[in-house]
Each structure stands twice: as structure tokens, then as C-alpha cells.
Amino acid sequence: MTAASVAAVAAAAPITHTRPGESAVFYLLGAVAIVAALGVVFAKNAVHAALALVGVLFTFAVFYAMQDAPFLAAVQIIVYAGAILMLFLFVLMLVGVDSSDSLVETLRGHRIATGVFGLSFVVIMVGAIGHAITHASAVGLTSANAVAGGNVQSLARLIFTTYFWPFEVISALLIVAAVGAMVLAHRERTDRPSQPELMRERYRREDLVSALGHSAPGVFALGDSAARPALLPGGAEDLDSVYPELGGSAHGSSAPQESTP
Amino acid sequence: MNPANYLVLAAVIFTIGAVGVLVRRNAIVVFMCIELMLNAANLTLVTFSRLRGSLDGQVIAFFVMVVAAAEVVVGLAIIVTIFRTRRSASVDDANLLKY
């Protein structure tokens, strides 16, 4: 019996007990995850809550890696710990880290009712699940991962065949979310100076005139009207730069000319 | 260890997230607790994927992650917009539809 066939038989047998190493890591990181999740809920400072959330996300990435999901483990760290947590911290800094919770209850008995709900929910869930899984066994993902030569390849085959339409729809959802965030977070600035104001401010500065010695022809506009002719190098007005409807002589016509103020 | 013990842990984390959503007032922390609940659901999907020997659970967990990313982006943009008009990120202050 070769080593490969031994491995195949071992993979086909249902897993009723995990390896001792996985059990140790599960109990250790499970405790860490619960403590960090409690930290998210009970931390007074919102930044501390975000850092506790990082702990939860990293322990979950380890859980995914232990359960034959290396792709999801990588995505968990890249998307959650990398992108979403950065977004959370960014918005926290934008909104202000001192926006802590008020301790006044707006609903009477709110906290007590929440505590009762949480305790009863966790008792029911853990009791029901614990009762249901006493003799549970795992098939394992060794054969499923071997279909296309690896976890990532098998996932890609599923995403681009069976789940192709959900994948397309979800990509559209991402684009809509990005556009929606831009529309929501965008703010029209009203205190910005207009273009003529910027131009006047630029030419009001003394250093420009002193650097040139005198006003450069055609540059130092005395007004921003379209009827104002440009200046020629000699200082004369170039009436060809103004439309005849505005008093200039553009297009070869010789209309009456506006004098320099 | 039974390989299904991950389900118990996911249930506990989900409950902690739900309690956080109910208790906290800061809208950003409420969002973090929603992330906790989504992650617990993801862990359940991945665990069932391993129990049943099929990769569909992992694909759906991947989709859940994408939806969570979109949800966080839009939700935080809404929080920023509310903060601009009301100068507060508390969920108790956004009560314009109350009366």
C-alpha cells in the first residue's frame, strides 16, 4: 500500500476529532476572540473598540486557515483588517475620537432587557448547537480542494461557473456602493473664490509688477469684460481681439472703438 | 475536539455582536458590532463547508465579505453625512422622523 493511497483513505474517512494542534489553537484563539469581541462591545473609546475588532478578525483568519480555507484567510486579512478597519479608523478620526457614548438610558430598562436577551440567546444557541453536534463528523475538504488542483483553483472554478451570475451582480453592487459613497460624502464648496477674484488677487500683488518693471503688454488686464481689447507690445489696443458686436473690429470690420479708461 | 465546535464559538461571537448593537449608541461602534455578527456568520459558513465536504459555503462566505465591504462603505458615508448636519455620531440624535 503506497503512501498516496494511505493518504487517500485517510482523507475519505470522516473527521470526528481534529488534530491536537488544531484543538489547542482553537481553544487558545477562541478565548482570545471572545475577549476581543467583548472588548469591541465594552470599550469606552471607539479607537480601542476598533483595535479589539482587529484582534477578532485576525483570530478568524486563523480559524479559516485551519479549516482548509486559505483563500478566505487571506481575503479576511486583506479586506477586513486592511481595508474595512482602515475605513473605520479614518471615519473615527474624521468624526472625532471623543464622541463617546452617553451613559443616560433613553429607554427605561434598556440595558437589563439587552442583558437578558443576550444571555438567553447564547444559552439557547449554545445549548441547541452543542446538543446537535455531539456526534458530528466532518467530511473534510481534501477531496473538494483536489478537484481543480487546490483551494484557490477550486473556488475560482465554482465562482466562474456555478456562481457566475451572483458574482456579476455582486460586482455591480460594489460599483453602486462606491458611487453612492462618493455622492453621499461629497460636499459642494461655497467659500471658494471665483476665477475673476483669483485673477484680480494675482495682479494686485506688488512683486509681479516690480519683477517686470512695467506692465507686460496684453497681460495686465484692466477689466475682465469681453469688450476690453487686448494690448499690443507698444501699449496700443488691439481692436482685432474684440468682436464687432462688442465694439471691436475682429473679422476685418472697422467698428467704432472703445477708448482706454 | 469535535470539528463542529467552531459553530459554538460563532454563536457566542454573534450574540456578543447583537448585544453590542443593542447597547452602544455610537453609530461607528454599532457598525463594528454588525461586522462581528457578519464574521460569526462567515465562520459558520466555512465550518459547514468543511463538515459537508463542499466548497459552496466558502464561496458564499466570500460573497458575504464583498457585501460587508459595500455595506461598510455606504454606512460610513451616511454616518459622515449625518455628522456634518447634526455634529453628532450618536444614534439617539438622529430622530428627525420621530414625530
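Taken to the nearest 0.5 Å, the CG atom of A:Leu53 stands 7.5 Å off from the CG atom of B:Asn39. A distance of 9.5 Å separates CZ in A:Phe71 from CD in B:Gln58, rounded to the nearest 0.5 Å. Distance check, rounded to the nearest 0.5 Å: CD1 of A:Ile84 to CG of B:Leu38 gives 8.5 Å. Rounded to the nearest 0.5 angstrom, B:Leu45 CG and A:Gln67 CD are separated by 11.0 Å. For the atom pair CG (A:Leu87) and CZ (B:Phe31), the distance works out to 10.0 Å, reported to the nearest 0.5 Å.
Shortest non-hydrogen contact noted between B:Ala70 and A:Ala177 is CB-CB, 3.6 Å. The two residues A:Asn151 and B:Leu55 make their nearest non-hydrogen contact at ND2-CD2, 3.9 Å.
At least one donor-acceptor pair under 3.5 Å links the side chain of B:Asn2 to the backbone N or O of A:Ile133. Without hydrogens or angle criteria, B:Thr81 side chain to A:Leu184 main chain gives a donor-acceptor distance under 3.5 Å.
Not counting sequence neighbours, A:Val123 has no partner by the side-chain contact (heavy atoms from CB on, under 4.5 Å) test.
Below 30°, between 30° and 60°, or above 60°: for A:Phe63 and B:Tyr6 the angle between ring planes is above 60°, a perpendicular geometry.
With a 4.5 angstrom heavy-atom cutoff, A:Thr162 does not touch chain B via any of its atoms.
Across A:Phe26, A:Phe121, A:Phe167, the residue that shares the most heavy-atom pairs under 4.5 angstrom with chain B is A:Phe26.
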